[in-house]
Amino acid sequence: MSTNPAADRIARLLVERDDLLLDGRELEARLDRLRRRLDDVDTEIASLRRVESELLQRHPELGQD
């Protein structure tokens, strides 16, 4: 029985391609999660800045170093 080197190479490359596609989908999903977390952190920072501003307006002495 003879082997077909081209067919073997194609088969290996198809497996590699599938692995790369899977890696890409996993990275995209991770990026989406990171973006959502970044949005959450930005929202929390903005909220805390509003609270801090209000607190400093009520108690200006807290802003003195």
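What you see below is based on every heavy atom in this structure, not just the backbone, and it leaves out hydrogens, waters and symmetry mates. Please read these numbers as outputs of a predicted model, since none were measured by experiment.
- Going from atom CG of Leu20 over to atom CG of Leu27 covers 10.5 Å, rounded to the nearest 0.5 Å.
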Apply the test salt bridge (charged side-chain N to carboxylate O under 4.0 Å, His left out) to residues Arg30 and Glu26: give CA-CA distance (whole Å), side-chain angles for both, the deciding distance (0.1 Å), then the verdict. CA-CA 6 Å; Arg30 182 165 185 252; Glu26 289 172 352; over 6 Å; no

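- With rounding to the nearest 0.5 Å, the separation of OG1 in Thr43 from CG in Leu38 is 9.0 Å.
- Nearest heavy-atom pair across Asn4 and Ala6 is OD1-N, 3.0 Å.
- The 12-atom threshold is not exceeded at CD of Glu44, counting heavy atoms of other residues, nucleotides or ligands nearer than 6.0 Å.
- Using a cutoff of 4.0 Å between basic side-chain nitrogens and carboxylate oxygens, Glu16 and Arg12 are not scored as salt-bridged.
- Arg37 CZ to Asp42 CG: the interatomic distance, rounded to the nearest 0.5 Å, is 10.0 Å.
- Distance check: Leu14 CG to Arg9 CZ gives 11.0 Å after rounding to the nearest 0.5 Å.
- For the atom pair CG (Leu56) and CD (Glu61), the distance works out to 9.0 Å, reported to the nearest 0.5 Å.
- The distance from atom CD of Glu52 to atom OG of Ser47, rounded to the nearest 0.5 Å, is 11.5 Å.
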